[in-house]
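First the proteins, then the strands, lettered A, B, ... as listed; each starts at 1.
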2 protein chains.
Amino acid sequence: MYRNVHPIAEGLIRQCGGRATAGRIGILSVLLSAQQAMTHREIEQCLLETLPLDRVTLYRGLEWLVAQQLIHKVASGDRVWRYHANGKAYSHQHAHFKCTGCSQVICLDDLPLERQWPLPSGYRLQEVELTVKGLCADCS
Amino acid sequence: MYRNVHPIAEGLIRQCGGRATAGRIGILSVLLSAQQAMTHREIEQCLLETLPLDRVTLYRGLEWLVAQQLIHKVASGDRVWRYHANGKAYSHQHAHFKCTGCSQVICLDDLPLERQWPLPSGYRLQEVELTVKGLCADCS
DNA sequence: TTAATTTGCGCAACTTTGTTGCATTTATGT
DNA sequence: ACATAAATGCAACAAAGTTGCGCAAATTAA
């Protein structure tokens, strides 16, 4: 399935001036064709048959892709990072929904985070991390 | 400093019908007199001289206090739980601010979380986790 | 096309955060 | 003070993530 996006992934990586290695292309392809944010584990599992990568390589690949802003990291409250490809739709700040049933994480684009958040005086806002938890359509 | 709150902590624990052990009283006292949410590490460090607790005991003490709703857990995106005493002000859902400079976490009571969050149809909301990141007055 | 160089990969070992099982100790009601 | 249920401490384990280093592969230069 996600093989279709290989050329796209490779193009994106080359545009960043980085080496287009099998690992990076594979990782980015998985994330590009994923519907939700994925954990390190899930990505590893997904690549297991076609491209078995070392844990460390996967971590470093993800780290690099985040640095290039091709993907972004999501902290969803269970001490595990999740990763999601940055489509045009996701280049801005956005909230996430985490299903307490199946643990899947999706992006909520409709939630406006660019509003004013009242902070104590002297405090400066940099980023807003909003995770709505609940049950998805399948689990409820 | 936090010795003053020992009797208060003990009272709160007894009200829950739990054993008033030195460990629980110590942990709750630290959190009651803390200005921000604290990590397991910070609490351990804080008790080191007066009441050196086993790591596991501390984890279990915190777990119990959370179950009794005397304290609450905060997930602040760095894979580390933080704990904060539940004053009256904190018994409702509220947001947190995490300083990207000094990593301290404070509670933001003014942010209304009880508003409507637009979710996909079929999705049911359970809980909202909102962390605003930025620089605190000291770090900016 | 080949050689040189830079960059990424894989392995092993380590760290941090948190959990589980079990024997011992302690708080509390009688 | 005594019995007992519950909390503690120890050891071992587990998951997520990081670091160092030699080797291999992707670019670049020749």
Undergrad: What is the distance, rounded to the nearest whole Å, between atom NZ of A:Lys73 and atom C1' of D:dG17?
TA: 9 Å
Undergrad: Describe the nucleic acid contact of A:Arg41 in one word from base, sugar-phosphate, nothing, applying a heavy-atom distance below 4.0 Å.
TA: sugar-phosphate
Undergrad: Take B:Thr21 and A:Leu58, find for each the nucleotide of DNA chain C with the closest heavy atom, and name the residue whose nucleotide sits nearer the 5' end.
TA: A:Leu58
Undergrad: Of A:Tyr83 and A:Ala22, whose closest DNA chain D nucleotide lies nearer the 5' terminus?
TA: A:Tyr83
Undergrad: If you measure from CZ on B:Arg24 to CG on B:Leu70, what distance do you get to the nearest 0.5 Å?
TA: 10.0 Å
Undergrad: For the residue pair B:Val74 and B:Ala37, what are the closest heavy atoms and their distance?
TA: CG2-CB, 4.4 Å
Undergrad: Testing B:His84, B:Met38, B:Lys98 one by one against B:Val105 for a side chain to side chain contact (heavy atoms under 4.5 Å, CB included), which residue passes?
TA: B:Lys98
Undergrad: Categorize B:Val80 for me: base, sugar-phosphate, or nothing, with a 4.0 angstrom heavy-atom threshold over every strand shown.
TA: sugar-phosphate
Undergrad: Identify the heavy atoms of B:Trp81 and B:Ala75 that sit nearest to each other, and give their distance.
TA: CZ3-CB, 3.4 Å
Undergrad: Within this structure, what is the CD1-to-C1' distance between B:Ile27 and D:dG9, rounded to whole angstrom?
TA: 14 Å
Undergrad: Whole angstrom is fine here: how far is it from CZ in B:Arg14 over to C1' in D:dA7?
TA: 14 Å
Undergrad: Using only heavy-atom distances, decide whether a donor-acceptor pair under 3.5 angstrom links the side-chain of B:Arg79 to the base of C:dT17.
TA: no
Undergrad: Between B:Arg55 and A:Gly23, just flag the one whose closest nucleotide in DNA chain C comes earlier from the 5' side.
TA: A:Gly23
Undergrad: Using whole Å, what does the distance between atom P of nucleotide C:dG10 and atom CG of A:Asp54 come to?
TA: 6 Å
Undergrad: Round to a whole Å and report the spacing from CZ of B:Arg24 to P of C:dA27.
TA: 12 Å
Undergrad: Looking just at side-chain N and O atoms, do B:Asn86 and B:His72 make a donor-acceptor pair shorter than 3.5 Å?
TA: yes
Undergrad: Is A:Tyr59 near enough to D:dG17 that one of its side-chain N or O atoms lies under 4.0 angstrom from OP1 or OP2?
TA: yes
Undergrad: Which nucleotide, D:dA7, C:dG18, C:dT7, lies nearest any side-chain atom of B:His40?
TA: C:dG18
Undergrad: Taking only side-chain nitrogens and oxygens of A:Arg60, does any of them come within less than 4.0 Å of OP1 or OP2 of D:dT18?
TA: no
Undergrad: Given atom CD of A:Glu44 and atom C1' of C:dG10, what is their separation to the nearest angstrom?
TA: 13 Å
Undergrad: Rounding to a whole Å, what distance do you find between B:Trp64:CH2 and D:dA6:C1'?
TA: 11 Å
Undergrad: Return yes if the base of D:dA7 and the side-chain atoms of B:Arg19 contain a donor-acceptor N/O pair under 3.5 Å, otherwise no.
TA: no
Undergrad: Taking CG from A:Leu47 and P from C:dC9, how many angstroms apart are they, rounded to a whole number?
TA: 12 Å
Undergrad: Does D:dG17 have its OP1 or OP2 closer than 4.0 Å to a side-chain nitrogen or oxygen of A:Trp81?
TA: yes
